[in-house]
**Q** 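Handing you a structure now.
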Amino acid sequence: MKSFIAALISCNMISMVCATEAVDSSVPAERPGTPQAAVTTFTSPAEDTLPDNAFGQLVQQGHAIFVATKANAPEFVGNGLSCTNCHLEQGRKADSAPLWGAYPMYPAYRKKNNKVNTYAERIQGCFQFSMNGKPPPADSQVIAALTAYSYWLATGAPTGQALPGRSYPEVPEPVAGFDLVKGKAIYAAQCAVCHANDGQGQKAGGEYVFPPLWGKDSFNWGAGMHRINTAAGFIKSNMPLGKGGTLSADEAWHVAAYMNSHERPKDPRMIAGSVEQTRLKFHADDGVNLYGQEVNGVILGRGTQ
């Protein structure tokens, strides 16, 4: 138990990115001329309340998978990301798709696959798209452990109620649209120190301490974070790491667009190897994205190995 608590405290809060579906802003809009009221977000239970029994052990296992996914569930991960790259502070941080905000909202309909999903299916989707891997079986130990960890973090949360901070806030698109040139400059000034000039992240001891944002070890074209509007919400609230909220809404959009103007692993739903057919079926009405668009003379979506 002590090792679990120490891990929670000392775990490196490495940055983005993972795929989470865009939902309504979790913060009420500020009315012109009036100060915005402080929003109280849900608080997960303290680490020392975890019971020392079989349930506590399963939660510990789920935490270990969550913070070091490839190391603890290698057969289901195809890139260099971990769950905590998008769900910061081990799935606790508000405005970073915290687990306490997700677990109580399932079962839920998802437009992405046009069906009502269980929480287990939601996790499976993360492995398929964000981890560029394969879904663990619904009855697997991996799903059981991650579900137990989510359930524990949501202790006391109301069921079926969208809590403040449960997602990435919506950020208004720049009036003139996003600008890749501006995004490149913002990336160089604000992001490259952690994620490297080439967007491939940084490693220590063979493991990523700052994740790649594009390329073969990043999320694939089916992940929710490929949507510029989703990535802008995450970036605005959480990046640069430890300085969330310092970028303007426009800056968040520009740099999100720049990040998602690079090639990454192909969408596993690709139809007969056709980017255009895949775009029409899965991406034409999927938020703001560059899938299937030509950027710098290259049609995005063919994938990278």
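Model, not experiment: these values are computed from the prediction. Throughout, residue positions are numbered sequentially from 1 according to the sequence presented.
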**Q** Return the set of residues passing side-chain hydrogen bond (donor to acceptor under 3.5 Å, both in side chains) with Thr155 (not counting sequence neighbours), or none when no residue passes.
**A** none

**Q** Could you pull out all residues at least two apart from Phe127 that satisfy ring pair (Phe, Tyr, Trp, His ring centres under 6.0 Å)?
**A** none

**Q** Classify the angle between the aromatic ring planes of Tyr151 and Tyr103 as parallel (below 30°), tilted (30 to 60°) or perpendicular (above 60°).
**A** perpendicular

**Q** Is it true that Tyr208 and Asp217 share a donor-acceptor pair across their side chains at a distance under 3.5 Å?
**A** yes

**Q** Scan side-chain atoms only and decide if Tyr168 and Ser96 contain a donor-acceptor pair under the 3.5 Å cut-off.
**A** no

**Q** In terms of hydrophobic clusters joined by side-chain contacts under 4.5 Å, are Leu241 and Val209 together?
**A** yes

**Q** Will you find, in the side chains of His283 and Asp267, an N or O donor that is under 3.5 Å from an N or O acceptor?
**A** yes

**Q** Please say yes or no: joined through hydrophobic side-chain contacts below 4.5 Å, possibly via intermediate residues, are Ile123 and Val116 part of one cluster?
**A** no

**Q** Mind checking salt bridge (Lys or Arg N to Asp or Glu O under 4.0 Å) for Glu173 and listing every partner two or more places apart, or none if nothing turns up?
**A** none

**Q** For Glu251, what residues pass the salt bridge (Lys or Arg N to Asp or Glu O under 4.0 Å) criterion, not counting sequence neighbours?
**A**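 In terms of salt bridge (Lys or Arg N to Asp or Glu O under 4.0 Å), with neighbours along the sequence ignored, Glu251 is linked to no residue.
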
**Q** Please identify each residue that fulfils salt bridge (Lys or Arg N to Asp or Glu O under 4.0 Å) with Asp139, with sequence neighbours left out.
**A**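 Partners of Asp139 under the salt bridge (Lys or Arg N to Asp or Glu O under 4.0 Å) test: none.
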
**Q** Applying salt bridge (Lys or Arg N to Asp or Glu O under 4.0 Å), name anything that partners Lys243, two or more places apart in sequence or on another chain.
**A**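 For Lys243, no residue satisfies salt bridge (Lys or Arg N to Asp or Glu O under 4.0 Å) once neighbours in sequence are set aside.
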
**Q** State whether the side chain of Thr84 and the backbone N or O of Phe66 hold a donor-acceptor pair below 3.5 Å, judged by distance alone.
**A** no

**Q** What I want to find out is whether Glu121 reaches Lys115 closely enough, with some N-O distance under 4.0 Å, to be called a salt bridge.
**A** yes

**Q** Taking atom CG of Asn79 and atom CE of Met131, what is their separation to the nearest 0.5 Å?
**A** 7.0 Å

**Q** Between CD of Glu294 and CG of Asn296, what distance do you get to the nearest 0.5 Å?
**A**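 Separation between the atoms: 9.0 Å.
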
**Q** Residues two or more places apart in sequence or in another chain: which of them pass side-chain hydrogen bond (donor to acceptor under 3.5 Å, both in side chains) with Lys281?
**A** none

**Q** Among residues at least two apart in sequence or on other chains, which ones pass side-chain hydrogen bond (donor to acceptor under 3.5 Å, both in side chains) with Arg302?
**A** none

**Q** Using a 3.5 Å distance criterion without hydrogens, assess whether the side chain of Gln128 forms a donor-acceptor pair with backbone atoms of Lys134.
**A**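 Not confirmed, Gln128 side chain does not pair with Lys134 backbone.
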
**Q** Going by the rule side-chain hydrogen bond (donor to acceptor under 3.5 Å, both in side chains), which residues pair with Lys93 if we only count those two or more places apart in sequence or in a different chain?
**A**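 side-chain hydrogen bond (donor to acceptor under 3.5 Å, both in side chains) list for Lys93, sorted by chain: Asn238.
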
**Q** Apart from Leu58 itself, what residues make up its hydrophobic cluster when side-chain heavy atoms of I, L, V, M, F, W and Y under 4.5 Å apart count as a link, directly or indirectly?
**A**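 For Leu58, no cluster forms, as it stays isolated from other hydrophobic side chains.
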
**Q** Go through the structure and list residues passing ring pair (Phe, Tyr, Trp, His ring centres under 6.0 Å) with Trp214, not counting sequence neighbours.
**A** Tyr187, Tyr258, His262

**Q** Can you tell me how far the CG atom of Asn132 sits from the CG atom of Asn220, to the nearest 0.5 Å?
**A** 4.5 Å

**Q** Is any NZ, NE, NH1 or NH2 atom of the basic residue among Asp250 and Lys182 found under 4.0 Å from an Asp or Glu carboxylate oxygen of the other?
**A**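 Looking at Lys182 together with Asp250, the answer is no, because their closest N to O distance does not fall below 4.0 Å.
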
**Q** Indicate yes or no for a side-chain donor-acceptor contact from Gln124 to the backbone of Pro136 under 3.5 Å, with no hydrogens or angles considered.
**A**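 Indeed, once roles are kept as given, a pair shorter than 3.5 Å links the two residues.
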
**Q** Has Arg122 got its NZ or CZ under 6.0 Å from the middle of the six-membered ring of Tyr106, at an angle within 45 degrees of the ring axis?
**A** no

**Q** Starting from Val288, walk the hydrophobic network (Ile, Leu, Val, Met, Phe, Trp, Tyr; side-chain heavy atoms closer than 4.5 Å) and list everyone else you reach, by chain and number.
**A**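 ILVMFWY cluster around Val288 also holds Val171, Phe178, Leu180, Trp221, Ile228, Trp253, Met270, Val275, Leu290, Tyr291, Val295, Ile299, Leu300.
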
